[in-house]
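Only one structure is covered here, and it is reproduced in the block below.
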Amino acid sequence: MSKMNSIEKKSAFAIAFMIALRMYGLFLILPIFAVYATELKGASPFMIGLAIGVYGLTQALLQIPMGFLSDLWGRKRIIALGLCLFILGSVIAALANDIYWIVVGRLIQGMGAIASTGMALVADVSRPEQRGKMMGIIGSMIGLSFMLAFITGPVLAAQFGLSGLFWFIALLAVAALAVLIFVVEEPAKLRPRDYQFKELLHCVKQHQLLLMDFGIFALHASMTALFLVLPNILISQFDFALSRHWQLYLPVLLLSLGIMIPLIFWQERRKKHLQLMSLALLLLGANLALFNLQLSAMWMIALLLVVYFGLFNYLEASMPSAIAKFADEKYRGAAMGVFATSEFLGAFVGGAVGGILLTISAAYVLNATAVLLLLAGMFGVITVLSQNKHMREKTT
């Protein structure tokens, strides 16, 4: 197998760094917002959940349209537009005095829907045989940004407050814009592309792609919902101050690498992508269900979080690469658009529905997301069994 050339390497790390900066900014508020937002005017469990997840709604609605526009106007122009919208939304949230303007800011943040365009840019600058590697690099950088955000978020929030955190997020987006302008390169000419609605239908009908879409939806719904309730559990049940939460997240995330990295290597060596992803989703569902037990010690919470973060980051890094592997060349752009839409729609549903369920009980939030992950894992098992049956019939 050939190696990535210098252009592919430079493009992969530049695009990954740009996307990771933006995702780091999005992830920063997750470990702290549910606590800090209670002090805002108009705050309620539903409004807090909506503020956390609403960016996912506009992200989901605009991923495919922004991808289409990038074919007409160029990838870098659309990504630049998306980052400018993200900066505007961050500034509005930073200036907000109540929960409602936070929601508006987060809504505008989400309008910078550039995930599918970024993946399309990767496809533009890479050869087909190297595309999976480049997607893997980007997925790994997103996973790293997720880990870093959970370690630094509580510290930055304690130092600068919620408003200061949103200003910092805006600065991160400005840095991402600088990387885009000065480092990321775009091919001089884009290949003509005629998107048709039937391509989206093909992505929905192909079971492997549908599993990726359902899986990433459930994954991000679980993340948003979990961190609606976890910070308050740590504070109320264990008297663990929010400013000290990084002391839990740092060792937990480092230990979770012992799950994430071996799974990625085992998957690539054995070529058992669907099987391992399905198992990971089932285990994540069981893991979230265990959070509802009457956990009496911090080490129990820490152990569950090690498993959660290990499996989450494994799936977050592996799924974009799997999309590149499973999607036909003709339908790859549409498949990436549907995948990105599913991811952010999951974040919205996790926040909005989680906020509604939180008005009843935190246990309802955790149970609902656990069931969602278990359903995604069961769908994966059915897909694998169906695929194996089809292969046996084909050989006989």
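Numbers here are sequence positions counted from 1. The structure presented is a predicted model; accordingly, all values stated were derived computationally and were not measured.
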Are any side-chain N or O atoms of [X] and backbone N or O atoms of [Y], one a donor and one an acceptor, separated by less than 3.5 Å?
{"X": "Ser342", "Y": "Val338", "value": "yes"}
{"X": "Gln109", "Y": "Gly89", "value": "no"}
{"X": "Tyr24", "Y": "Leu144", "value": "no"}
{"X": "Asn232", "Y": "Ile235", "value": "no"}
{"X": "Asn313", "Y": "Met260", "value": "no"}
{"X": "Arg106", "Y": "Ile52", "value": "yes"}

Is there a side chain to side chain donor-acceptor pair (under 3.5 Å) between His220 and Glu316? Walk through the geometry before answering. CA-CA 9 Å; His220 279 259; Glu316 185 75 20; 2.9 Å; yes
Determine the interplanar angle of the Phe240 and His245 rings, folded into 0 to 90°, and report it as parallel if under 30°, tilted if 30 to 60°, perpendicular if over 60°.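 Geometry flag for His245 against Phe240: parallel rings.
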Phe312 vs Phe146 aromatic rings, parallel, tilted or perpendicular, using cut-offs 30° and 60°?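 Phe312 and Phe146: parallel rings.
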What residue among Leu315, Leu374, Leu372, Leu279 forms side chain to side chain contact (heavy atoms under 4.5 Å, CB included) with Leu284?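 Answer after filtering Leu315, Leu374, Leu372, Leu279: Leu315.
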Heavy-atom pair of closest approach, residues Thr58 and Ala113: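 So the minimum-distance heavy-atom pair works out to O-CB, 4.4 Å.
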Could you tell me if Tyr314 and Ser256 have a donor-acceptor pair between their side chains, going purely by distance under 3.5 Å?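 Distance-only check fails for Ser256 and Tyr314.
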May I ask you to test the Ile79-Leu83 pair for a side-chain heavy-atom distance under 4.5 Å?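 When only atoms from C-beta onward are counted, Leu83 and Ile79 do touch, with a gap below 4.5 Å.
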